[in-house]
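Here is the structure we will look at, set down as structure tokens.
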Amino acid sequence: QEEKKVTIGVSIPAADHGWTAGVVFHAERVAKLLMERNPGLHVIVKTSPDPASQANAVQDLETQGIDALVILPTDPDPLVNAIKEVKDKGTFVALVDRAPSVNDASVRDLYVAGNNPALGQVAGEYIKATTPDAEVVVIRGLPIPIDQQRQDGFDKGIEGSNVKVLDRQYGNWNRDDAFKVMQDYLTKYPKIDVVWCQDDDMAVGVLQAIEQAKRTDIQYVIAGAGSKEMIKKVMDGDKMIPVDVLYPPAMIGTALEMTAANFYSQVPVRGVYTIDATLVTEDNAQDFYFPDSPF
Amino acid sequence: MSVNQESSQVAIRRRSWRDIDLRAVAPFVALALLLLVGALVNPNFISINNLANVATRSAFIAIIAVGATFVISSGDLDLSVGAMVAFIASLMILFMNSGVIADPVLMLLTAILFTIIAGALCGLTNGLITTVGRIEPFIATLGTMGIYRGLTTWLSQGGAITLKEPQLQEMYRPVYFGTIFGVPVPIVVILCVTAVAAFILYRTRYGRHVVGVGSNRDVARYSGISVNRVRTVAFVIQGLCVAVAVLLYVPRLGSTSATTGILWELQAITAVVIGGTALKGGAGRVWGTICGAFILELVGNIMLLSNFISEYLIGAIQGAIIIIAMLVQRSLVRKS
Amino acid sequence: MSVNQESSQVAIRRRSWRDIDLRAVAPFVALALLLLVGALVNPNFISINNLANVATRSAFIAIIAVGATFVISSGDLDLSVGAMVAFIASLMILFMNSGVIADPVLMLLTAILFTIIAGALCGLTNGLITTVGRIEPFIATLGTMGIYRGLTTWLSQGGAITLKEPQLQEMYRPVYFGTIFGVPVPIVVILCVTAVAAFILYRTRYGRHVVGVGSNRDVARYSGISVNRVRTVAFVIQGLCVAVAVLLYVPRLGSTSATTGILWELQAITAVVIGGTALKGGAGRVWGTICGAFILELVGNIMLLSNFISEYLIGAIQGAIIIIAMLVQRSLVRKS
Amino acid sequence: MGTDVVESAPVVLSARRVSKSFSGVQVLFSVDFELRQGEIHALMGENGAGKSTLVKILSGFEQPTSGEILLDGKSVTLPPNGAAEALGIVIIHQEFNLAEHLTVTESLFLGREVTRFGVLDRKFMRAETRRVLDLLGSHVDENAMIGSLSIAERQMVEIAKAISRDARVVFMDEPTAVLSREETYFLFQLVRKLREKGTSFVFVSHKLDEVMELTDRVTVLRDGQWIKTAPTSTLDGEAIAQLMVGRELSSLYPGKSEPNVDEEVVLRVSSVSTGYVRDASFEVRRGEVLGFSGLIGSGRTELMEAIVGLRSRLKGEVLVRGQPVPSGDVHAINKAGLVYMTKDRKAKGLLLNAGMMANLTLQSLGRHTRLGYLDPASEQAALVRARRRFDIRVRDDTIVAGRMSGGNQQKLLLAKVMETDPSIIIIDEPTRGIDIGTKQQIYHFISALARDGRSIVVVSSEMPEIIGLCSRVAVMREGQIAGILEGDEISEQEIMRYAAGLKKKAA
Ligand SMILES: Nc1ncnc2c1ncn2[C@@H]1O[C@H](COP(=O)(O)OP(=O)(O)OP(=O)(O)O)[C@@H](O)[C@H]1O
Ligand SMILES: Nc1ncnc2c1ncn2[C@@H]1O[C@H](COP(=O)(O)OP(=O)(O)OP(=O)(O)O)[C@@H](O)[C@H]1O
Ligand SMILES: [Mg+2]
Ligand SMILES: [Mg+2]
């Protein structure tokens with residue numbers, strides 16, 4: 001129980017879809033928790049919709065005087081310079097989830113990461129294992145690097161199998177767009193075995209489109225992230241959603257806790273800490289179900 | 001002399017027929033060309049099923065754009081409609097989740113009424129800020145866009161708002177997925193909304209006033225038209241159309257979030273303009289608007305069905321197609 | 001009689017003086033009020049450091065909005081500027097990464113020239129599609145918005161484009177982060193760009209023609225002004241301003257992606273309108289535009305510095321503040 | 001100036017067998033016209049006869065469908081859009097050609113700004129503008145925004161704009177339609193001065209007295225055909241009118257019918273004040289024609305607009321048939337049977353992009369509504385009726401209002417206002433730009449309305465009109481009613497005395 005005065009600034013993307021909403025939720029939850037635990041600690045959480053305004057937010061946090069910055073960049077590369085500004089002033093920087101092309105000690109002290117390539121790879125491997133001859137359609141997110149990393153991971157996952165990718169289109173991590181894209185896939189391809197849409201939000205639209213078309217050829221849909229709705233479906237043994245790939249928004253909380261520990265425990269926290277892209281199945285789903293989260 | 005005048009009148013009638021018709025027909029010609037392109041791109045394209053899908057999902061933009069036709073004809077602009085969809089949909093789902101009424105049928109009906117009232121009120125807000133506050137509609141509705149979207153984010157705490165009651169959901173689903181005599185409900189709704197809108201715009205006093213106000217506010221004022229009232233009512237009509245779109249939207253995914261309806265305002269305005277209504281105001285073409293909405297949706301559909309376009313370039317090609325569609329229209333009208 | 005008339009002339013002059021000045025001053029009053037609010041919200045707010053930060057980062061929108069002032073004054077609208085920033089920034093970085101010129105100084109200078117030419121060409125494209133193609137600027141530039149953004153996605157293959165050469169980056173960095181006599185470079189650039197723009201708009205024949213064309217196209221045409229040329233040049237000026245903004249943007253983040261500059265067009269237009277330029281065209285207020293851009297950035301800054309506003313509500317409050325700022329202006333002008 | 005001088009002068013500009021059709025509708029039929037150096041040539045004709053069209057063709061704004069134009073005896077194709085200015089041909093358009101957002105100086109120099117080293121020489125341009133305005137005896141502020149000027153002031157700017165060009169040929173299309181005597185006087189003086197220097201003028205007007213006073217020769221058009229060209233001195237007003245209309249005209253003004261003194265007072269205005277107008281009071285009886293005279297900018301329009309609710313009143317009351325009407329509610333006031341017809345037909349009167357029918361019924365749509373449904377047949381019938389009643393002549397039924405000839409626009413506007421079937425009508429400049437034949441029709445129409453038990457307020461700058469029509473005349477000066485004249489008092493001199501402030505009556 002130290003009274004040491006510490007201010008931590010947290011900069012995260014605005015809650016613009018389910019996953020980022022989860023990030024905001026967990027950031028706030030852990031911030032509150034930590035402030036209760038350490039009376040001297042002050043945590044300021046700021047959200048930004050895009051890289052440019054996040055760079056501004058980082059600047060504004062610095063104006064307020066912070067000892068540590070925990071940042072989950074909307075888009076990492078454009079924010080490197082802004083982060084370096086802060087780091088160069090001697091502030092502790094914890095980078096979460098999204099890594100810039102150069103990700104070393106010059107940019108951050110701590111890197112807590114979900115594993116984007118693994119998110120794709122785990123999905124790919126699951127498909128390879130369960131349906132080795134599947135014809136797959138892919139719905140991508142937005143044209144930004146993490147999406148590309150997931151695609152590359154996926155390709156690696158299905159490597160050396162007969163799994164065939166019929167098509168990849170952007171669904172913008174948006175339910176309505178995913179609904180449209182899926183509708184058109186269903187028109188375009190008389191037979192689809194598996195849909196990989198890499199995000200639970202988009203899965204909502206995909207499922208509706210399949211249900212509407214009354215198509216029975218689609219065996220299952222793989223999404224990812226671990227929203228409570230999808231975890232619930234996995235838990236209930238839904239045929240269409242047999243598994244979900246974990247990419248927990250709670251990682252922001254982990255990073256925040258570690259950063260606080262850097263100030264309040266004796267152990268200095270440095271380096272890289274990766275959170276696995278766990279495959280959630282009917283058996284372990286119970287462990288990942290948070291009914292209170294907005295996501 | 002009278003013979004002369006008569007013959008000249010005949011000439012006039014023939015010419016004006018050509019004139020008016022071509023301008024109104026132009027969007028439909030562009031649509032036909034697109035259908036042709038689509039059919040060449042993918043044989044599945046022209047199937048009833050695909051076209052019905054496209055028409056059905058154009059419903060949201062189409063219905064919103066019908067409202068936008070009123071606002072634009074009266075010389076204003078509403079940028080808040082996308083955010084308004086998200087806001088009203090959230091309110092509707094929250095209302096249904098609240099469980100204040102036990103009987104599901106009654107609940108659904110009340111929710112529908114509630115949604116329509118909410119739409120009208122949102123429209124009224126836009127209208128009053130613009131007219132009474134005398135703020136450029138562009139800025140006023142950009143402001144309310146921020147407000148509606150912000151409130152939605154707040155209501156949803158950044159996440160999604162999902163219809164909880166499975167019974168309600170089951171009952172409500174057919175409103176989007178059902179058919180009437182084989183025609184999907186949303187298409188029927190588009191047609192009804194458009195027919196009513198066309199009647200109001202072309203066959204009522206209010207419609208005339210809208211066009212009058214849109215083409216010259218002073219003239220309208222000097223003609224004893226209450227300009228601000230006409231403009232405000234146009235915004236309310238826009239709000240009602242948004243509410244109708246929400247009524248179709250909610251049963252589709254049973255859920256909404258703060259990202260619902262992003263950029264729909266631009267799509268709606270684009271549909272209106274592609275349909276032949278001038279942004280300057282003073283002329284509205286409701287049926288053209290519907291055609292414009294359909295064109296927009298078709299372009300996306302064709303892109304997805306085609307196999308030779310990189311997914312990276314889709315946006316670029318959509319942009320190019322819109323420009324080309326407008327050029328086709330222009331050249332048609334010019335020739336007449 | 002003549003005495004009498006003289007007095008009436010004085011009266012008129014006084015009236016018009018008050019009129020014009022208050023309208024031009026109004027945005028600055030709104031700005032002052034905002035500064036006051038900010039100071040109350042957080043003591044750090046009013047520090048030179050913070051204000052310099054805010055002014056510096058308003059540079060992109062401010063410079064783009066200066067270009068938009070020309071386009072809007074001439075009665076058009078450019079929705080493609082945000083996408084254009086992404087596109088031109090991508091081109092610039094790719095050019096610098098290409099390594100066609102070994103000497104870094106020469107390379108940087110060539111890249112700057114290249115960027116400016118690219119900006120002018122993008123503007124020219126917009127201008128020609130709008131004027132020669134006779135398409136509503138709203139739709140034409142919505143189309144090119146799709147095109148520029150699509151091409152950026154394609155260039156970046158869905159990812160980011162990052163400046164590779166560390167030497168170049170080091171050399172280029174001060175263009176955003178450096179200072180001249182203690183003033184951040186971007187602020188100096190804003191002032192220079194605005195001064196040049198004000199000179200062009202108020203002191204040259206072309207500026208007069210812009211206002212004439214925006215106020216009444218037929219009158220301008222009958223006065224022997226080549227309307228399409230004036231409009232096209234306004235679009236080119238917009239393109240040049242975008243290029244200048246890119247020149248500042250690239251050294252800041254050293255990287256761009258397909259999401260760069262999303263919604264900047266709306267912000268730029270908002271800045272222009274808050275600054276007192278009417279969207280209908282016919283009057284441009286360059287200094288007001290700068291003030292508008294600064295107001296927009298300040299609102300965001302105040303939100304961030306205040307710690308009592310739920311982050312979910314930030315959008316809503318920003319929207320509300322914009323509306324209130326406009327109402328303050330209106331009431332000021334009305335009182336005069 | 002003698003006619004003989006002109007007879008011998010060389011021909012500057014001429015039209016030979018010029019015809020013009022607008023999308024298939026012919027409006028000029030093989031017209032010949034010639035303009036000599038240093039002459040003032042009147043172009044006369046009924047509304048829609050084709051005067052403006054001919055003027056536009058001769059100044060390059062329209063190209064003839066057939067025929068040729070000769071400049072200094074050589075066949076030329078005039079460049080479009082006012083570029084003919086370079087050849088010394090300028091035009092004062094019948095419809096204004098000014099941009100609202102520019103100042104007077106900026107408008108005057110639009111398209112030919114004076115620069116020094118690429119920078120606008122604003123001081124010089126302002127001084128030059130002032131000089132030209134002073135020449136015209138106009139007190140318009142050179143820094144005022146066009147948008148803030150009254151119609152007459154805009155007309156002066158329009159004239160100044162043309163005069164300031166060093167022109168060989170000046171076309172003036174109804175420049176005096178909205179001007180008062182004073183301004184017209186200054187204009188004529190200037191025109192005569194320029195004629196001495198060899199400038200030629202074409203003067204289009206419906207005011208016969210001005211034509212007689214100013215011009216050397218007259219050309220008359222009828223239905224797009226050339227009828228006659230003759231020296232003005234060989235004709236009189238009667239003869240010209242007859243040539244124009246093609247029939248003999250009976251007396252212009254109908255007999256005045258004095259209303260009974262004990263007739264009901266239908267409109268009572270008591271001490272109405274606005275920004276400029278102070279304490280205006282008057283009343284109108286049933287069946288009366290009340291005139292409003294005064295100099296330009298004396299506040300007549302402002303007062304009338306305040307009465308009908310188009311402007312807010314600071315003070316005062318308006319009673320229609322004893323019932324006070326709300327301030328600022330045009331709709332309610334229209335419903336009470338009081339309507340106003342604006343003089344600014346282009347900006348405030350007609351939807352220029354809409355057809356005749358949409359304009360005609362805009363103010364009275366309620367009459368064509370059945371159960372909320374607009375009945376097109378009923379509207380069509382109204383249009384047919386109005387065209388007959390007001391003699392609206394167009395060659396093309398679907399023409400948009402903006403393309404109609406000036407006079408026919410005015411008739412359409414009058415028809416539109418009359419469609420509301422009002423019991424009290426305030427008409428601002430009823431015959432602006434209207435030909436003599438139609439003027440007569442309108443005067444008879446007004447008088448018939450009065451006999452019918454309606455009351456009419458006529459605001460006009462045309463003195464003969466006021467004198468010929470009204471049984472009482474209110475004269476305004478600087479925002480106040482200087483006096484109300486009755487019976488024998490009504491004469492041109494007496495009205496001028498009140499208008500100039502030499503005489504004043506307590507209201
Ligand atoms: N641009 C146009 N398109 C179609 N018809 C036109 C156009 N301009 C003029 N007209 C028609 O040409 C005829 C002659 O019009 P013009 O304006 O020359 O008459 P005018 O003699 O000037 O009449 P006024 O005395 O009323 O001004 C009218 O019937 C008018 O409607
Ligand atoms: N001395 C003055 N001070 C302020 N405003 C003035 C003055 N003189 C004229 N005005 C303006 O001029 C206008 C009066 O013109 P109005 O049109 O009402 O006059 P009018 O008698 O109808 O003349 P016109 O023939 O020009 O229409 C008022 O709106 C007023 O604002
Ligand atoms: Mg004419
Ligand atoms: Mg008047």
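First the proteins, then the strands, lettered A, B, ... as listed; each starts at 1.
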Give a yes or no on whether the backbone of D:Val119 and the side-chain of C:Arg203 come within a donor-acceptor separation of less than 3.5 Å.
no
Which value, rounded to the nearest 0.5 Å, describes the distance between [X] atom [atom1] and [Y] atom [atom2]?
X        : Y        : atom1 : atom2 : answer
C:Arg208 : D:Leu110 : CZ    : CG    : 9.0 Å
D:Phe61  : C:Arg221 : CZ    : CZ    : 10.0 Å
D:Glu113 : C:Tyr206 : CD    : OH    : 13.0 Å

Is the [atom1] atom of [X] crowded by more than 12 outside heavy atoms at less than 6.0 Å?
X        : atom1 : answer
D:Tyr185 : OH    : no
D:Asp121 : CG    : yes
C:Lys280 : NZ    : no

For residues 101-108 of chain D against chain C, heavy atoms under 4.5 Å, the residues are D:His101, D:Leu102, D:Glu106
In short, ring pair (Phe, Tyr, Trp, His ring centres under 6.0 Å) pairs touching residues 112-142 of chain C with sequence neighbours left out are C:Phe95-C:Phe114
Closest non-hydrogen atoms of D:Ala99 and C:Asn216, given as atom of the first, atom of the second and distance, are CB-CB, 4.1 Å
Correct closest heavy-atom pair for C:Tyr202 and D:Arg122 would be O-NH1, 3.9 Å
